[in-house]
*Asks:* 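First the structure, then my questions, so here it is.
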Protein chains: 2
Amino acid sequence: MATKKRTRQQKPENKRLDIRDVARHAKVSIATVSRTINRVPSVDKDLAKRVWKSIAELNYFPNTQARALVSGRSRILGLLISEITNPFFPELIQGFESIAVENNYEILIGSTNYDVPSMESCIRRLLERNVEGVAVMTFGIEGPLLNELASRNIPMVFVDEAPPSPRVSTLLVDYRQGIREGVQHLAALGHRKIAFITGPLQQRSCQLRRDAFLHSLEEIGLKLPKEWLPAGDHTLEGGMRAMEEILRLKELPTAVMCSNDMTAIGVLRVLARAGLRVPEDISVIGFDDIHLAEFVNPPLTTVRMSRADLARAAFEALRIHVEGTEKTAKQIWPIPTRLTVRQSTGFPPGTMPKLASRTKA
Amino acid sequence: MATKKRTRQQKPENKRLDIRDVARHAKVSIATVSRTINRVPSVDKDLAKRVWKSIAELNYFPNTQARALVSGRSRILGLLISEITNPFFPELIQGFESIAVENNYEILIGSTNYDVPSMESCIRRLLERNVEGVAVMTFGIEGPLLNELASRNIPMVFVDEAPPSPRVSTLLVDYRQGIREGVQHLAALGHRKIAFITGPLQQRSCQLRRDAFLHSLEEIGLKLPKEWLPAGDHTLEGGMRAMEEILRLKELPTAVMCSNDMTAIGVLRVLARAGLRVPEDISVIGFDDIHLAEFVNPPLTTVRMSRADLARAAFEALRIHVEGTEKTAKQIWPIPTRLTVRQSTGFPPGTMPKLASRTKA
DNA sequence: TTGAAAGCGCTAACAC
DNA sequence: GTGTTAGCGCTTTCAA
């Protein structure tokens, strides 16, 4: 009778096996099963073998919720992105997820859609599910986010700029390098009139990209009329609008750099529609190097910022705080960028170096 | 002393508030707090008000894991897709997620990447997290999946074809309608030589699309040499390869339909590279109507299969089984398709109706 | 209508 | 090295 303490008499059908079933089957205590599963070294080899055998025979696997409840560890990481339909993000998600899953974490994706209410709803969801850390890949600091998460001391990682906090790290993208390469590539081809279509400037990241561009221009002694610095919004449509704006100007640039690839693809679209050839009439450079960049017409010259790098660094940054014992202060994770030359860049119009001019140069 | 049953003396800092804190603050029992939160009608109005006030003041929210553990309901739905970097899927995810979140579900995304091991790993993850239902949007039945999930009686929804099981429903896409519209649109323009690039034919969905095409062709008395039915794989690169194959043939079709938009975009790319104009030299039709379709050059005429429809139907199909008491048998959810005409389709070459021929027609 | 208490499946002291 | 047991935070009988 004493053994029948549990109310449940029979395993109701469709009820998942629990640790007790395994213990019974292997003729050990549930503690031993638990220890075996968690690979506590002190377990006797033979017992462990028996337990694993039972686990296999019964096809048992532990209940994550129960584990999370008692251990205080959900093994869930939050991944906050701006917008899943922007191709940049799926590529990032893919990388982050695969590393997370390899390490037995699950990820919860939240799309902030650039607006505060949906961002708050995302945070609430993450909090309710007890995420152990959050990667904020929205390319901007999200104010309210901070308070809610940081006050709970949840590890976070941001891109470009992070609030100072002990368990917060930063992925520091080296925009300078790649964008400078882009500018110098254009300059080397002979371009002097280079426009830049920015992203949404509320995002720190977009300011940085623009600044990197302006700086690179200055470095080589070029000036930029401000009409050549229109704002896009990192969407294809935004790129189209910005390029249309440029086309209405009296003086046209011979090259256009863009704050991201979707913008550049919009630019390509408008140019094609306007009957301008790329790169013969105008050169275009993007930023990100999304998969699609290689397949537009012409294949896009662009600055690569690796999603794999970003994903890996984000995960590692979180892991150090989530799993580590070290109380290290805020960490900086550098992310390089580099120009990928394809076919959307060429000599400026009217300077096509024929054999003659080539020898001249 | 009796009240000090709990070991924990002081709330450790950074410890989340629990239901006891709220109960203490509102001076009621935890049962009342629980009932209030779960909107059990029997709770006294005044008490409930007091509880809600405490909840607000303390900024309390319940622990999802604990809830899940005791209630047996995780409020998590699985969403299985083929590949997150195919733009079709993010658009689908977005729809599914927003409906799910509205209804207080969380989603767990699994990318099967077209291979069995990673599919199995996905299923394991879903099972471990106790998903309440799974939307299998991989456009193919996944054998092993079935057994693991179905044997646990977990509600599922498939596209096109589902294993017969009481808690499984099917989203039945009406390929016929949209694809017939596409074929007839081409025929009406005067095309008689229409090729079709299939998707990966292991997928039932791709067979159905091809069959719908063949059937539509037959309907209007057209024949198809089998060289005009090359296989793509629903990627841009696959579309390029298939189109290159076609271009090597002695006799070229005047129009190409594709099993999905990414394929069509690849086709466009190859044609542009080959110096063929679309639609003057050859017409192209896609399938899906992804966002990008509108922005390629030229804007793609394509058959729309709404991701929003798909997402909504998938969610509702699951919800009925997850929440419902009804033991309805397998359900069918029809999903319509419809042609969207843009600019990648036109008259076949050599038939450009000048004024003369137009009057003749 | 409310509260006390059992227990969801598991981990981690603690005892042996 | 192994087993016993006290909870993790919550929902849900069962009594009152």
*Asks:* Contact between A/Val136 and A/Met119 at the side-chain level, heavy atoms closer than 4.5 Å - yes or no?
*Replies:*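 Sidechains of A/Met119 and A/Val136: no contact.
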*Asks:* Indicate whether the side chain of B/Ser29 and that of B/Thr32 have a donor and an acceptor atom separated by less than 3.5 Å.
*Replies:* yes
*Asks:* Which residues in residues 34-46 of chain A have a heavy atom closer than 4.0 Å to any atom of DNA chain C?
*Replies:*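 When residues 34-46 of chain A is checked for heavy atoms under 4.0 Å from DNA chain C, the hits, listed by number, are A/Ser34, A/Arg35, A/Asn38.
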*Asks:* Can you find a heavy atom in the side chain of A/Asn63 that is under 4.5 Å from one in the side chain of A/Asp18?
*Replies:* no
*Asks:* Tell me whether A/Lys53 is salt-bridged to A/Glu57, with the criterion being a basic N under 4.0 Å from an acidic carboxylate O.
*Replies:*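 Judged by the 4.0 Å cut-off on N to carboxylate O distance, A/Lys53 and A/Glu57 do form a salt bridge.
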*Asks:* How many Å lie between CZ on B/Arg20 and C1' on D/dT11, as a whole number?
*Replies:* 13 Å
*Asks:* Does A/Leu127 form a side chain to side chain contact (heavy atoms under 4.5 Å, CB included) with B/Phe61? I'd like the steps, not just the answer.
*Replies:* CA-CA 9 Å; A/Leu127 250 21; B/Phe61 48 91; 3.6 Å; yes
*Asks:* Once you round it to whole Å, what is the distance between C1' of C/dA4 and CD1 of B/Ile30?
*Replies:*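 That distance rounds to 9 Å.
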*Asks:* Rounded to whole angstroms, how far apart are CZ on A/Arg24 and P on D/dG3?
*Replies:* 14 Å
*Asks:* Between P on C/dT11 and CG on A/Asp18, what's the gap in Å once rounded to a whole number?
*Replies:*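 Answer to the nearest Å: 12 Å.
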*Asks:* Quick one: bend of the helix from C/dT1-D/dA16 to C/dC16-D/dG1 from 5 pairs per end, to 10°?
*Replies:*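 It comes to 40° between the two terminal axes.
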*Asks:* Can you work out whether B/Val28 or A/Ile19 has the more 5'-proximal nearest nucleotide on DNA chain C?
*Replies:*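 Nearer the 5' end of the strand: B/Val28.
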*Asks:* A/Asn103 vs A/Arg319, test: side chain to side chain donor-acceptor pair (under 3.5 Å). Steps then yes/no.
*Replies:* CA-CA 10 Å; A/Asn103 289 275; A/Arg319 170 152 71 176; 2.6 Å; yes
*Asks:* Counting only non-hydrogen atoms, which of residues 52-74 of chain A are less than 4.0 Å from DNA chain C?
*Replies:*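 Those residues whose heavy atoms fall under 4.0 Å from DNA chain C, taken from residues 52-74 of chain A in numerical order, are A/Tyr60, A/Pro62, A/Asn63, A/Ala66, A/Arg67, A/Val70.
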*Asks:* I'd like to know if B/Arg129 pairs up with B/Glu106 as an ion pair, taking the criterion as any Lys NZ or Arg NE/NH1/NH2 lying under 4.0 Å from an Asp or Glu carboxylate oxygen.
*Replies:* no
*Asks:* For residues A/Asn130 and B/Thr64, determine if any side-chain heavy atom of one lies less than 4.5 Å from a side-chain heavy atom of the other.
*Replies:* no
*Asks:* Quick one: do A/Asp46 and A/Lys49 make a salt bridge, cutoff under 4.0 Å?
*Replies:* no
*Asks:* With respect to the side chain of B/Ser29, which nucleotide from C/dC10, D/dC10, C/dG3 is positioned closest?
*Replies:* C/dG3
*Asks:* Do A/Tyr114 and A/Gln203 have side chains that approach each other closer than 4.5 Å (heavy atoms only, starting at C-beta)?
*Replies:*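 The answer is yes, as the side chains (C-beta and beyond) meet within the 4.5 Å cut-off.
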*Asks:* Any side-chain heavy atom of A/Arg73 sitting closer than 4.5 Å to one from A/Val322?
*Replies:*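 With C-beta onward as the side chain, the pair touches.
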